[in-house]
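Take a look at the structure below.
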4 protein chains.
Amino acid sequence: MCRWAAYRGEPLYLEELVSSPAHSLIEQSHCATKAKTSTNADGFGLAWYGDHPEPGRFRDVLPAWSDCNLKSLSRHVRSPLFLAHVRAATHGATRRDNCHPFVKDSWSFMHNGQVEHFADLRRRIESMLDDEHFNARTGSTDSELLFLLALQFGLAERPLEAMGEAIGFVEHLSREVKGMAQIKFTVAFSNGKSLYAVRYASEGYAPTLFAAPMGRDGGYCLVSEPLDDNKDTWAEIPPGSAVIVGEDGLDVAAFTPFWDAAKVAAE
Amino acid sequence: MCRWAAYRGEPLYLEELVSSPAHSLIEQSHCATKAKTSTNADGFGLAWYGDHPEPGRFRDVLPAWSDCNLKSLSRHVRSPLFLAHVRAATHGATRRDNCHPFVKDSWSFMHNGQVEHFADLRRRIESMLDDEHFNARTGSTDSELLFLLALQFGLAERPLEAMGEAIGFVEHLSREVKGMAQIKFTVAFSNGKSLYAVRYASEGYAPTLFAAPMGRDGGYCLVSEPLDDNKDTWAEIPPGSAVIVGEDGLDVAAFTPFWDAAKVAAE
Amino acid sequence: MCRWAAYRGEPLYLEELVSSPAHSLIEQSHCATKAKTSTNADGFGLAWYGDHPEPGRFRDVLPAWSDCNLKSLSRHVRSPLFLAHVRAATHGATRRDNCHPFVKDSWSFMHNGQVEHFADLRRRIESMLDDEHFNARTGSTDSELLFLLALQFGLAERPLEAMGEAIGFVEHLSREVKGMAQIKFTVAFSNGKSLYAVRYASEGYAPTLFAAPMGRDGGYCLVSEPLDDNKDTWAEIPPGSAVIVGEDGLDVAAFTPFWDAAKVAAE
Amino acid sequence: MCRWAAYRGEPLYLEELVSSPAHSLIEQSHCATKAKTSTNADGFGLAWYGDHPEPGRFRDVLPAWSDCNLKSLSRHVRSPLFLAHVRAATHGATRRDNCHPFVKDSWSFMHNGQVEHFADLRRRIESMLDDEHFNARTGSTDSELLFLLALQFGLAERPLEAMGEAIGFVEHLSREVKGMAQIKFTVAFSNGKSLYAVRYASEGYAPTLFAAPMGRDGGYCLVSEPLDDNKDTWAEIPPGSAVIVGEDGLDVAAFTPFWDAAKVAAE
């Protein structure tokens, strides 16, 4: 279980989410309250959009609370759209390549949750990737693999459908290989224009997702858990939902994974 | 608050304390039960005695639970006398130079606790050091400074008296500068022959210290908190005590800091 | 011997100095041509000015050529005034606290060179610092100490004079203690408004310093060695010089250390 | 291009190769003389055999010259058979998982050289691995992949033949995919009993390999380049050779890669 926070709106210093709030992301790196594990000390990462199509990125392996670079960057970098993550490792060693957000071209992605039985599924999922996406893999996490799969399935053209297919495929594969499927999947991702999030679990408890207005002019913040105690501010997004924050504010839709075996066979 | 474990006896693989027990030191790095903070993720360190007078040492900044070097070393290095530590930083950044154990010549030292108001006392304590001990300082912790002070006060000749003087001096200084003194000081240290430990607090609660027989032939283990649930094995050492593990087994004596201002003036 | 590059002018992406040029700073981290040592692999650092009075800072210990964070930041951060440094350690371990630029409040500072016999002078120099500047010291380099000394001597009010006094004091001390003085001192420093540089050696060869126009509207770049082979672009600054890049372009003046013992005695 | 040193004989402190000689491995990390690149600063590693079937291992990402853990371990760990490596990255980021030696069960392996066009071959080579060896891969280097391939081809039963098949397969594949094959392959590997080395290049220059007696009782040292200037001591091993250091001293045999396509098709 990890913790994350994302923002889209008027340019904001990253510290507004990362270090300044009472229950900031750095605070959550040692005392998360809504996670199975209160400590998220296996590295951290930032991706922020600015003048280039692709986001800037900064990832490192120390606990977020003790990294002075993170504090300085969060205070000095301002962005209209950014993702920030603190990691509690489930699959994959503590190294920069395994820290979220993952980035390919203009897309960024971060994940709280996990794919059950990933060790037994990993190779088959990787073999689904075409060469471009296979070569883009630099770490060993389930999260990065879900991201690459979604990219291959058309994230750029149909963001939520492609994400639904990625999850659907892995659930399908897991049922085939292990007789069951359990993916916990609360994620945020972006192309630098809109900010997307999903809260989903194949069954049982889906890791939490909250939204709140932030900044001026219709900005929104999406988080694993609220950044302060002001209960009126934070709306819990229900399981099985997708969130889109764009030009026109925040929208919530149903999120349903699906898998069309016929289509893949045809490819 | 940190956690530590030390051993003297027949040669033992370090993993017997560091990673194998149910509540091993690595386990305590994320779920200590008898400490103020359950997470001790600001680095770790080992010092072990072998064929050389000075101990081998290995320190690094990742949480102990995620460092593969620590696991391999603990499994492959065997020693009749070693110290192991996981850190929760109070004073001093997360960097190798601030990780325990500290080593000078044949002496090693590790600490759980802290000097209250250290920022206000640090410079005056450092100015007490002669050039040799001043130049030996590479980090910025209160712990390293107490160790160097004790070395200068004669740790090699009168281990427990010198340690008592170091504490006595800092308490005296703190009363002078801040009108009060509060040192929490549960430590282990060694010259490669005997293993020493102290449990002490200027006032109030002294960080815990436990002892248990370990290995064959009268070996002993000293720890911040027991390595398993077997309550019959572990004897709690009372506050205000010093422990000596040597050729003839384990001895406990009273530990009382003292400070002879006249003597220092005469130096 | 280290390598550095600094810029003041229209906002520029840091990569314009750090990674894009043929002989960029990252390139110089493994093949510097005008330094005693061609490898500068003991860490690196950036300080850049933006919306806050104090600069953002990013430092780390890997060789600059292999750090992906450095590449991403340099590409995404844009600033009208920044300093960048790659380190070849002379005094002080490879750790973040020993990487340049050093920063205090709105001032930043980086250094190529060294104080000969620093180990014998260090304690006396540190004892010159008042509490504020002593407590600001987090590393163990000669460079950081020269910076703090200059700050204490009035860097904010009289930048070049204070720097001259800092050097003068250390030369004086070195002559007293060691019978000779040898400081190599090619530095850049800034308060976020002007960019200053000095090229100086007590005797013999002073580490090189070059200047070139860069960007539009009268921007300038100051470097240890030219960023490309275009010899017409780069003007070598002679030893014993100070450079000021400000609103009105680039000025060069003589730099002479001095030390008024009487004044210090009076303090 | 990397540098390495290996030893088999009477137990020796690792420092005898790593840091003590005039041209020790640490010295070679910044001034190798017989390599294309004189700097080998992209991490380092040790594997040493002791009481357990599998070797102890220590790898890290700093340049070898600046890592205090490496110095202490090399001085305090003694072993009758060990491998030591300093890395200059060709394929794969600077991270622990990409540092040599690689280890699986009782086998260790380190490499100087590279597979030309590895990016175009990597996926096909990985797809040759069975699940056990595929899952054992944690890094992204060509070196680790050659090691896993050799293990799968029977390194445990027929060490040099299996290594010859691994090279033969990759050369065959490279010719198929790229119309040419160029592997530079100077390696050492061990099962904790014998020490093996190979010097080979598909064509052109094969990275150097030298042998010298070391320690008492018929010990031998194998290295990328001599550890001192004593030319009489070091015998250059010719290209296309395998070396075996075992109970009965040092043997040199021809090394010829081969690839039996029929056999693989039958598997």
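Computed from a predicted structure; not experimentally measured. Just so it is clear, the values below take in all heavy atoms, side chains as well, and ignore hydrogens, waters and symmetry mates. Just so we're on the same page: letters track the sequence lines, and every chain starts at 1.
- Ranking Cys68(A), Gly50(A), Pro55(A) against chain C, the residue ahead of the rest is Pro55(A), based on heavy-atom pairs under 4.5 Å.
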Inset, instruction - Show your working on side-chain contact (heavy atoms from CB on, under 4.5 Å) between Leu17(C) and Ser24(C) and close with a plain yes or no. - result: CA-CA 6 Å; Leu17(C) 276 65; Ser24(C) 71; over 6 Å; no
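- Between His76(A) and Ser72(A), some side-chain heavy-atom pair lies under the 4.5 Å cut-off.
- Interface summary for chain C: among Arg59(A), Arg78(A), Arg96(A), the most heavy-atom pairs under 4.5 angstrom belong to Arg96(A).
- Residues Pro159(A) and Trp107(A) are in side-chain contact: their nearest non-hydrogen atoms beyond the backbone lie under 4.5 Å apart.
- Side chains of Ser108(C) and Ser190(C) form a contact here, defined as non-hydrogen atoms less than 4.5 Å apart.
- Most heavy-atom pairs under 4.5 Å with chain C, from the set Leu70(A), Asp67(A), Val103(A): that is Asp67(A).
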